[in-house]
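Keep in mind that what you see is a predicted model, and the values were worked out from it rather than measured. These values consider heavy atoms only, across backbone and side chains, with no hydrogens, waters or symmetry-generated copies. A note on names: the letters A, B, ... follow the listed sequences, proteins ahead of strands, and every chain is numbered from 1.
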Amino acid sequence: MAPSRPGVNSIKAEDFDLNATLSCGQVFRWRIHDGRWYGLIDNAAIRIRQIGKRIEYSSSRPIEPERIRGYFNLGVDLDGILKSIDKDKHIHKAISGFRGLRIIRQEPAECLISYILSSNNNIPRINTLIERMSACFGERNEKLNGVSFHTFPTLKRLSSECEDGLKACGAGFRVPYVKETARKVSSEKGFFDRLKGLGYEAAKESLIGLKGVGDKIADCVLLFSLGKNEAFPVDVWIKRAVDEFYFKGKKSTLRDCASFGREHFGEYAGYAQEYLYCYIRSQKFQ
DNA sequence: CAGGTC
DNA sequence: ACTGG
């Protein structure tokens with residue numbers, strides 16, 4: 001495959017929906033502007049759009065097309081995955097509504113910190129918080145088409161930053177979580193690679209050992225950055241969906257929903273989670 | 001109250 | 001608990 005050059009690159013993307021993938025809440029920093037998405041991959045600013053079965057992108061620094069494919073998980077057999085989770089009428093409708101949604105392979109460190117910041121917080125506020133922290137502590141400022149993108153701060157930087165700096169960004173009570181977890185993770189070389197090598201349960205246990213990381217955030221990190229597709233993160237939206245579609249008004253706990261999701265949908269429960277998330281939110285916001 | 005956690 | 005869409 002030809003290496004990326006300055007200007008516009010085009011790559012094939014079958015069974016893919018860029019909009020669904022970037023607006024389903026799995027990743028925080030992508031923004032749409034004039035029909036194109038802007039974000040960062042490997043600390044390069046990217047502008048990207050979909051035209052039929054191709055995606056067109058340009059970047060602030062050269063990026064291999066293979067890397068773009070990897071980031072959007074275009075190599076996995078989405079059709080096979082969707083067939084495996086298509087077990088009832090509810091998920092079936094969710095799949096038909098958002099077909100082409102793929103789970104992104106995020107940077108683990110950024111994913112972990114971002115989801116720590118998400119706890120007991122609302123989405124618009126999480127977004128501005130992440131942008132402020134990147135503007136303050138990101139190492140680089142990538143420019144593309146006159147727009148600047150601050151890279152996400154490294155764990156080392158976050159762990160050495162004084163509390164006041166993080167507090168000023170609006171992180172509130174999450175400041176000690178961020179600092180302590182950043183310190184602990186960056187002190188072990190290859191922490192995330194080690195977790196990738198573990199099974200779902202063992203990797204989850206390691207994550208839950210970190211400050212500010214509980215069941216839900218651990219599942220997000222496992223699913224969105226460590227390739228554990230059986231993870232089924234249960235946030236308030238997924239709880240609403242599972243209660244409404246599968247538990248029919250019965251009282252349930254977050255644990256009930258999570259274990260139901262993993263057992264009902266199986267090996268690729270994480271994909272079911274994302275489709276349900278989009279589906280239930282589209283119902284409430286219509 | 002809000003993509004939970006301690 | 002922080003804090004503001």
### Task
Look at the rings of Y246(A) and F260(A) and say which category their plane angle falls in: under 30° parallel, 30 to 60° tilted, over 60° perpendicular.
tilted
### Query
CZ of R132(A) versus P of dC2(C): gap in Å, rounded?
17 Å
### Query
Which ILVMFWY residues can you reach from I51(A) by hopping between side chains whose heavy atoms are under 4.5 Å apart?
none
### Message
If the condition is salt bridge (charged side-chain N to carboxylate O under 4.0 Å, His left out), which residues does E244(A) pass it with, not counting sequence neighbours?
### Response
K284(A)
### Task
Determine the contact category for F28(A): base if any of its heavy atoms lies under 4.0 Å from a base atom, sugar-phosphate if only primed atoms, P, OP1 or OP2 are that close, otherwise nothing.
base
### Any donor-acceptor N/O pair under 3.5 Å between dC1(B) base and N120(A) side chain
no
### Task
Just grab all the side-chain hydrogen bond (donor to acceptor under 3.5 Å, both in side chains) pairs involving residues 226-236 of chain A, residues at least two apart or on different chains.
none
### Query
Expressed in angstrom and rounded to an integer, what is the separation of K239(A) atom NZ from dG4(B) atom C1'?
14 Å
### Message
I130(A): which residues meet the side chain to side chain contact (heavy atoms under 4.5 Å, CB included) condition with it, sequence neighbours left out?
### Response
F28(A), R29(A), S114(A), L117(A), I126(A), S134(A), F152(A)
### Sub-4.0 Å heavy-atom contacts from residues 153-177 of chain A onto DNA chain B, ordered by number
F173(A), Y177(A)
### Query
Where along residues 200-217 of chain A does a heavy atom fall under 4.0 Å from DNA chain C?
none
### Partner residues of E180(A) under the salt bridge (charged side-chain N to carboxylate O under 4.0 Å, His left out) criterion, sequence neighbours left out
R183(A)
### Query
How would you label the contact of I238(A) with the nucleic acid (heavy atoms, under 4.0 Å): base, sugar-phosphate, or nothing?
nothing
### Query
Would you say V221(A) and P108(A) make side-chain contact, with heavy atoms under 4.5 Å?
no
#### Entry: Spacing of R240(A) atom CZ relative to dC1(B) atom P, expressed in whole Å
12 Å
## Note on the structure
Ordered by number, residues from residues 91-110 of chain A within less than 4.0 Å of DNA chain B (heavy atoms) are none
### Query
In whole angstroms, how far is the C1' atom of dA1(C) from the CG atom of L117(A)?
15 Å
### Task
Can you sort out the partners of R31(A) under side chain to side chain contact (heavy atoms under 4.5 Å, CB included), two or more places apart, ordered by chain and number?
N127(A), E131(A)
#### Entry: Pairwise salt bridge (charged side-chain N to carboxylate O under 4.0 Å, His left out) hits with a residue in residues 94-113 of chain A, at least two apart
D15(A)-R99(A), D79(A)-R99(A)
### Query
In whole Å, what is the span from the CG atom of N127(A) to the P atom of dG4(C)?
15 Å
### Query
Any ion pair linking R61(A) and E142(A) (charged N to carboxylate O, less than 4.0 Å)?
yes
### Query
When the distance from CZ of R125(A) to P of dA1(C) is rounded to whole Å, what number comes out?
15 Å
### Query
Are E14(A) and K12(A) within salt-bridge range, i.e. N to O under 4.0 Å?
yes
### Query
For H92(A), which residues count as a ring pair (Phe, Tyr, Trp, His ring centres under 6.0 Å) partner, sequence neighbours excluded?
none
### Task
Inspect the contact between E188(A) and K184(A) and indicate whether a charged nitrogen and a carboxylate oxygen are less than 4.0 angstrom apart.
no
### Query
According to the Watson-Crick and G-U wobble definition with distances under 3.5 Å, which dot-bracket string, read 5' to 3', encodes DNA chain B, using [ ] for crossing pairs and | for pairs with another strand?
||....
### Query
Is the shortest side-chain N to carboxylate O distance from K204(A) to D215(A) below 4.0 Å?
yes
### Query
Once you round it to whole Å, what is the distance between P of dT3(C) and CD1 of I130(A)?
17 Å
### Rounded distance (Å) that lies between atom C1' of dG5(C) and atom CG of N122(A)
6 Å
